[in-house]
Amino acid sequence: MSGAFLEVRNLYKSYGGIAATDHVDLDVRQSELHAIIGPNGAGKTTLISQLSGEIDPDGGTIRFDGRDMTRTPAYKRSLLGLARSFQITSLMLDMTVLENVALAVQAHAGHSFRFWRAARKDPALTEPAMAALAAVGLQDRANDVAQAMSHGEHRQLEIAMALATKPVLLLLDEPMAGMGVEESKRMVEILRSLKGEKTMLLIEHDMDAVFALADRISVLVYGRVIATGTPEEIRGDEAVRRAYLGDEVA
Amino acid sequence: MTSLIRTGLPAYVMVAGLAFLALLPLLAEWVDNIFLIDLFMRLMILSIAAVGLNLILGYGGMVSFGHAAYLVIGAYAVGIPAYYDIYDGFLQFAIAIFASAAVALVTGAIALRTKGVYFIMITMAFAQMVYFTFVSIEEYGADDGLTINMRSEFAGLLDIEDNFTLYYFVLVSLIAVLGLVYRIVHSRFGMVISGAKGNERRMQAVGFPTYRYRLVCYVISGAICGYAGALLGNFTNFITPEMGDWVHSGELIFMVVLGGAGSLFGPVLGTAVFILLEEYLSRLTQYWHFPFGAMLILVVIFTRGGINGMFRWLGMKSGIGGRS
């Protein structure tokens with residue numbers, strides 16, 4: 001037992017003989033921000049989807065807070081304190097911003113077999129939802145329909161929904177994907193404000209953001225972790241340079 | 001007016017509509033056309049079924065192509081006890097509701113493991129099973145149907161043998177079901193249902209076991225249609241398995257889509273247009289299906305959101321169905 005908060009051992013997933021996740025070992029320590037980088041097609045999203053419970057691994061184990069949850073369904077992992085944001089924005093687009101977040105709160109406020117009282121005006125749902133929106137700076141957009149927002153705001157809403165579930169571990173799948181410079185800066189600030197408070201596993205292509213935020217970095221290439229270490233160590237790692245960073249860092 | 005936009009109906013339209021339905025029997029007597037009462041009774045009973053279907057189709061995004069089956073189950077829940085000279089309405093309606101709910105629970109548990117076209121096909125297949133089950137029971141008339149000699153009795157509280165009384169019983173039922181659906185779709189449960197329609201994967205990631213909620217919604221929807229079926233059995237006094245044929249399931253979907261799926265009053269509007277057009281077009285020409293079909297296609301193509309959407313398109317800001 002390494003005592004890691006999230007402990008992945010020998011995780012394996014293949015699609016038609018091609019290993020998308022190739023015997024991955026990964027340790028995420030409590031309250032660190034652990035980034036996973038790797039070229040396109042390295043299997044980053046496949047990995048995170050196994051951690052969140054959307055895809056079943058073919059082999060290996062996932063332990064979270066000491067508990068084996070390799071086969072735990074997605075909704076139960078969420079209830080255990082694990083939240084994910086999606087690379088491709090995944091929202092209830094025809095609902096308002098507040099409704100989206102209030103649903104996330106509601107999911108963790110006991111069962112929802114409550115048929116009578118109006119949910120939209122229930123302060124037990126709307127107040128925590130507004131707090132989560134405030135944490136990402138979206139409180140002014142609360143009553144807008146999600147569809148009407150910009151891409152960057154969608155990404156912020158993704159984070160707000162994840163936060164509203166009061167997670168202990170955040171799985172962030174490319175939160176800066178497709179963002180402009182200003183929006184990215186803002187997202188970096190949001191993530192920085194969460195550092196130390198939440199344990200985070202961050203998948204990201206934006207190297208500036210990763211090296212500015214991460215406590216430790218793992219490099220995934222062809223489904224395999226080729227290196228794990230501090231940003232400094234990763235920068236200096238020969239294998240990583242060759243496989244991935246070469247042209248960017250040199 | 002925010003809350004009224006949520007109910008989907010401007011207050012004056014709602015009040016006018018209800019007042020019209022409430023006064024219709026008097027109107028029918030006045031113009032000396034008792035047939036109108038029957039016409040509007042059928043319209044309201046099918047509205048209840050459409051409102052029930054809308055709960056899963058409009059709000060939940062689950063296109064059930066088998067909801068006429070619950071109408072038949074409800075109708076036979078009145079017919080079969082009546083066959084044994086049991087006319088207790090409380091019992092008959094309880095059987096209608098619970099038998100429909102039970103069938104919905106079993107078939108829904110299987111059907112909801114599928115999505116999209118598969119869900120449509122499997123709900124239709126189950127409905128055909130119900131249909132053929134009643135066709136095969138010789139004792140209850142098989143496909144010749146079953147005559148109900150006496151309508152349900154409610155311990156002397158209510159005599160629906162009288163068409164006027166039955167009419168108001170149906171009207172009150174419609175209002176009650178609308179009220180029930182309104183509460184459900186605005187409750188926490190309703191939020192989960194519409195969230196799962198919008199993005200089921202996200203709902204699971206955020207911590208909802210969506211399957212369970214959808215199944216319960218499906219059961220409630222089936223139970224409402226079963227209740228409508230019990231009313232239908234009382235209304236027609238003669239029931240056949242044919243009422244559960246897939247064609248009628250399709251008609252229910254039409255009514256919902258025509259009026260505006262996912263709005264509270266849309267299904268009532270759609271049913272009204274459907275029944276009235278069917279009635280009056282069929283008097284004009286025996287080929288009434290043709291203009292009727294053409295009209296349905298036009299509504300679907302040009303007005304997303306059914307007749308409601310059309311009102312909105314014509315500039316009535318809140319539409320008659322509104323958003324939710």
Side-chain angles (χ1 to χ4, degrees), chain A residues 48-49 52-54 73-86 88-96 99-122 124-125 143 145-147 157-158 160-167 171 173, chain B residues 2-7 55 58-61 113 176-177 179-221 223-224 260-264 304-305 309 322-324:
Chain A
I48 225 172
S49 295
S52 72
E54 280 181 76
Y75 78 89
K76 269 194 192 148
R77 295 188 199 197
S78 170
L79 297 176
L80 290 171
L82 193 148
R84 90 167 274 186
S85 78
F86 290 86
I88 294 158
T89 302
S90 181
L91 301 162
M92 277 63 85
L93 287 173
D94 50 355
M95 292 183 157
T96 68
E99 282 166 6
N100 269 277
V101 186
L103 267 172
V105 175
Q106 186 184 322
H108 294 253
H111 68 80
S112 287
F113 290 106
R114 301 178 194 183
F115 302 94
W116 204 245
R117 279 190 47 207
R120 285 193 183 84
K121 287 181 187 124
D122 188 343
L125 301 177
N143 292 314
V145 175
Q147 197 137 33
L157 179 52
E158 280 273 339
M161 284 181 75
L163 285 178
T165 65
K166 301 230 176 297
L171 305 172
D173 193 355
Chain B
T2 49
S3 68
L4 287 169
I5 290 171
R6 290 279 187 207
T7 70
L55 186 60
Y59 293 104
R113 300 204 175 270
V177 167
L180 178 75
V181 169
Y182 175 80
R183 293 309 292 241
I184 289 175
V185 299
H186 290 86
S187 69
R188 288 190 180 199
F189 178 81
M191 295 302 290
V192 177
I193 293 304
S194 43
K197 173 195 177 190
N199 192 338
E200 187 169 18
R201 180 172 169 228
R202 178 47 134 159
M203 290 293 282
Q204 288 171 353
V206 100
F208 286 111
T210 50
Y211 173 81
R212 278 178 225 170
Y213 291 100
R214 294 193 131 178
L215 181 57
V216 170
C217 189
Y218 188 82
V219 168
I220 295 172
S221 167
I224 291 174
S263 67
L264 186 63
R304 276 197 71 212
R323 191 166 89 78
S324 63

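All values below were derived from every heavy atom in this structure, side-chain atoms included, with hydrogens, water molecules and symmetry-related copies excluded. Each chain gets a letter, A, B and so on, in the order its sequence line appears, and its residues count up from 1. Keep in mind that what you see is a predicted model, and the values were worked out from it rather than measured.
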(message) Taking side chain as everything from C-beta outward and backbone as N, CA, C, O, which of these in B:Val216 sits under 4.5 Å from a heavy atom of chain A? Side chain, backbone, both or neither.
(response) side chain
(message) Among A:Leu125, A:Asn100, A:Asp122, which residue has the highest count of heavy-atom pairs closer than 4.5 Å to chain B?
(response) A:Leu125
(message) Is B:Thr210 in contact with chain A via its backbone, its side chain, both, or neither, using a 4.5 Å heavy-atom distance?
(response) neither
(message) Working to the nearest 0.5 angstrom, can you tell me the gap between B:Ser187 OG and A:Trp116 CH2?
(response) 9.5 Å
(request) Check B:Gln204 against A:Ser78 and note the closest heavy-atom contact, atom names and distance. (result) O-CB, 4.5 Å
(request) Name the region of A:Leu93, side chain, backbone, both or neither, that has any atom closer than 4.5 Å to a heavy atom of chain B. (result) neither
(request) Check whether the ring centres of A:Tyr75 and B:Phe208 lie less than 6.0 Å apart, and answer yes or no. (result) no
(message) Counting heavy-atom pairs under 4.5 Å with chain B, which one of A:His108, A:Arg84, A:Glu158 comes out on top?
(response) A:Glu158
(request) Can you see which heavy atom on A:Met95 is nearest to which on B:Met191, and at what distance? (result) CE-O, 3.8 Å
(request) Flag the one option from A:Ser90, A:Ala162, A:Ala74 with the top tally of heavy-atom pairs under 4.5 Å to chain B. (result) A:Ser90
(request) Fit a plane to each ring of B:Tyr213 and A:Phe113, take the angle between them on a 0 to 90° scale, and name the class: parallel (under 30°), tilted (30 to 60°) or perpendicular (over 60°). (result) parallel
(message) Give me the atom names and distance for the closest heavy-atom approach of A:Leu103 to B:Val192.
(response) CD2-N, 4.0 Å
(message) Counting heavy-atom pairs under 4.5 Å with chain B, which one of A:Gly53, A:Ala119, A:Ala109 comes out on top?
(response) A:Ala119
(request) Would you name the heavy atoms of A:Arg117 and B:Arg183 that are closest together and state the gap between them? (result) CA-NH2, 4.0 Å
(request) Please examine the side chains of A:Met92 and B:Met203, heavy atoms only from C-beta on, and report whether any two atoms are closer than 4.5 Å. (result) yes
(request) Specify the closest pair of heavy atoms between A:Ala104 and B:Val206, including all atoms of both residues, with the distance to one decimal. (result) CB-CG2, 3.5 Å
